[in-house]
Structure formats: structure tokens, C-alpha cells
Q: 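Below is one structure. I have some questions about it.
We use all heavy atoms of the structure for the numbers below, so side chains are in, but hydrogens, waters and symmetry mates are not.
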Amino acid sequence: MGSDSEVEKTQQKEKERKKMLAIAPIAKPLAGKKLSKKTLKLVRKASEHKCLKRGVKEVVKSIRRGHKGLCVIAGNISPIDVITHVPILCEEAEIPYVYVSSKEDLATAGATKRPTCCVLVLTKPTKGELAIEEQEKMKADYSQIVSDVSELTSSLF
């Protein structure tokens with residue numbers, strides 16, 4: 001019985017190691033395990049409340065239109081040229097951005113089956129309104145993660 005869990009643990013560690021090797025060299029600021037978990041949780045909540053833009057095309061369009069939010073980019077994109085312009089757009093529009101380790105995890109959090117390069121978590125839904133209670137809770141989570149991301153970014157540069 002104990003050997004099965006040991007085998008599973010070694011397989012899990014091997015999987016994590018492969019994820020870390022696949023990360024692109026430009027993926028900075030890369031979220032750690034704890035921040036990554038919080039960020040993916042926020043993405044999941046945002047997808048439930050329709051406050052999420054998925055994919056490079058939608059994210060770039062939203063940024064150019066002036067929408068504000070948090071940009072979450074997958075670090076294991078190949079070829080990396082697909083998303084190299086997104087951080088630059090985010091910096092110009094003063095939108096915080098962070099990289100997470102895998103596009104599969106990002107897609108799962110964003111409620112899609114297809115792996116996703118990047119998502120933009122909006123502060124409010126594009127159509128309709130949220131209940132005040134829900135909006136306050138989401139805003140608090142959003143603010144917490146944005147402060148963590150800005151702290152991470154300032155330690156890098």
C-alpha cells in the first residue's frame with residue numbers, strides 16, 4: 001500500500017520538474033506556488049462571473065480598448081513569439097501581469113478545455129452587473145493579488 005503512494009509522489013514530482021523545464025526564459029515575473037494558486041483561483045472566480053477575456057486576440061483587443069485588470073500569461077508557450085508583445089502592451093497600459101507555470105492549468109481555471117496562452121481578469125463584467133456582495137469579494141481578492149504581483153515585480157527590477 002505504501003509503495004503506491006510513493007510511486008504516485010515520484011510521478012507527481014517528475015511532472016512538476018517537466019513543467020518547470022518547459023517554462024520560457026522570458027517568463028518573468030513568474031508566480032511561485034502560493035501566488036500561482038491564488039491567481040488561478042481568481043481566474044476561476046472571474047470566469048464564473050463573466051469577468052474574463054481568454055486568448056491572445058481577445059486580451060490584446062481589450063487592452064487596446066482601455067479595459068483594466070490583471071493579465072495572467074502562461075509560461076510554457078511554444079513558440080514564445082505568440083505572446084512576446086503582450087507584456088509590452090500591459091506595461092504601456094499600466095496593467096499588472098504575471099506568468100504562471102502552465103497553459104493547461106490556466107485553461108482549467110478559466111473553464112475551458114483548450115490550453116490558453118493568456119487571460120485578462122477584468123475588475124467588472126463587460127455586460128450586466130454583479131451583486132454588490134460578489135463584487136466586493138472579487139475586488140478584495142483582485143487587490144490582494146495585484147499587490148502581491150507588484151511586490152514580485154519590484155523585487156525583480
Q: What's the separation between atom NE2 in His67 and atom CD1 in Ile95, rounded to the nearest 0.5 Å?
A: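 Answer for the NE2-CD1 pair, His67 versus Ile95, is 10.0 Å.
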Q: Evaluate side-chain contact (heavy atoms from CB on, under 4.5 Å) for Tyr99 paired with Ile26, printing each intermediate quantity in order.
A: CA-CA 10 Å; Tyr99 286 87; Ile26 67 158; 4.1 Å; yes
Q: Taking it one step at a time, do Val59 and Cys71 satisfy side-chain contact (heavy atoms from CB on, under 4.5 Å)?
A: CA-CA 8 Å; Val59 169; Cys71 189; 4.1 Å; yes
Q: So, using side chain to side chain contact (heavy atoms under 4.5 Å, CB included) as the criterion, who are the partners of Glu134 when residues are at least two apart?
A: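 Here the qualifying residues are His49, Ala131.
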Q: To the nearest 0.5 Å, how far apart are CD1 in Ile145 and CG in Leu152?
A: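 Answer for the CD1-CG pair, Ile145 versus Leu152, is 12.5 Å.
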Q: Between atom OG1 of Thr39 and atom CG of Leu70, what is the distance when rounded to the nearest 0.5 Å?
A: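 Taking OG1 in Thr39 and CG in Leu70, the distance rounds to 6.5 Å.
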Q: Determine whether a donor-acceptor pair (N or O, by modelled atom type, separation under 3.5 Å) exists between the side chain of Asn76 and the backbone of Ala24.
A: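 A pair under 3.5 Å: no.
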Q: Return the set of residues passing side chain to side chain contact (heavy atoms under 4.5 Å, CB included) with Glu92 (not counting sequence neighbours), or none when no residue passes.
A: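 With sequence neighbours excluded, Glu92 shows a side chain to side chain contact (heavy atoms under 4.5 Å, CB included) to Ile88, Leu89, given in chain and number order.
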Q: Rounded to the nearest 0.5 Å, how far apart are CD1 of Ile63 and NE2 of His85?
A: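 If we round to the nearest 0.5 Å, Ile63:CD1 and His85:NE2 are 8.5 Å apart.
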Q: Enumerate the residue pairs fulfilling salt bridge (charged side-chain N to carboxylate O under 4.0 Å, His left out) with a member in residues 58-70, sequence neighbours excluded, ordered by first and then second residue.
A: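 Applying salt bridge (charged side-chain N to carboxylate O under 4.0 Å, His left out) to every pair that reaches into residues 58-70, excluding sequence neighbours, yields nothing.
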Q: Do Cys118 and Tyr97 touch side chain to side chain, with heavy atoms closer than 4.5 Å?
A: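 No, every pair of side-chain atoms sits at 4.5 Å or beyond.
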Q: Of all the heavy-atom pairs spanning Pro115 and Ala107, show the shortest one and how long it is.
A: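 Here Pro115 and Ala107 meet closest at CA-CB, 3.7 Å.
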Q: Heavy atoms only: give me the nearest Val149-Pro96 pair and the separation to one decimal.
A: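 Val149 and Pro96 have their closest heavy atoms at CG1-CB, 4.4 Å.
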Q: Would Leu52 and Leu120 count as a side-chain contact (heavy atoms from CB on, under 4.5 Å) if you check the C-alpha gap in whole Å, the side-chain angles of each, and the deciding distance to 0.1 Å?
A: CA-CA 6 Å; Leu52 194 70; Leu120 182 68; over 6 Å; no
Q: How would you list, by chain and number, every residue that makes a side chain to side chain contact (heavy atoms under 4.5 Å, CB included) with Glu151, sequence neighbours excluded?
A: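 So Glu151 forms no side chain to side chain contact (heavy atoms under 4.5 Å, CB included) with any residue.
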Q: Is Met138 reachable from Val98 through a run of hydrophobic residues whose side-chain heavy atoms are each under 4.5 Å from the next?
A: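 Different clusters: Val98 never reaches Met138 through Ile, Leu, Val, Met, Phe, Trp or Tyr contacts under 4.5 Å.
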Q: In the structure I gave you, are the side-chain heavy atoms of Thr116 and Lys103 within less than 4.5 Å of one another anywhere?
A: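 No; the side chains remain at least 4.5 Å from each other.
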Q: How close do Ser36 and Ala31 get, heavy atom to heavy atom, and via which atoms?
A: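 Closest pair (atom of Ser36, atom of Ala31, distance): N-CB, 3.8 Å.
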Q: Provide the closest heavy-atom pair for Ala27 versus Gly75 in the form atom of the first, atom of the second, distance.
A: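 Minimum heavy-atom separation between Ala27 and Gly75: CB-CA, 4.1 Å.
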Q: Can you run down the salt bridge (charged side-chain N to carboxylate O under 4.0 Å, His left out) pairs that involve residues 29-56, sequence neighbours left out, and say none if there aren't any?
A: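 Qualifying pairs, neighbours excluded: Lys38-Asp148, Lys45-Asp141.
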Q: What are the two closest non-hydrogen atoms of Ala111 and Ser47, and how far apart are they?
A: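 Closest pair (atom of Ala111, atom of Ser47, distance): CB-OG, 4.0 Å.
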Q: Which heavy atom of Val56 sits nearest to which heavy atom of Cys117, and what is that distance?
A: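 For Val56 versus Cys117, the nearest heavy atoms are CG2-CB, 3.8 Å.
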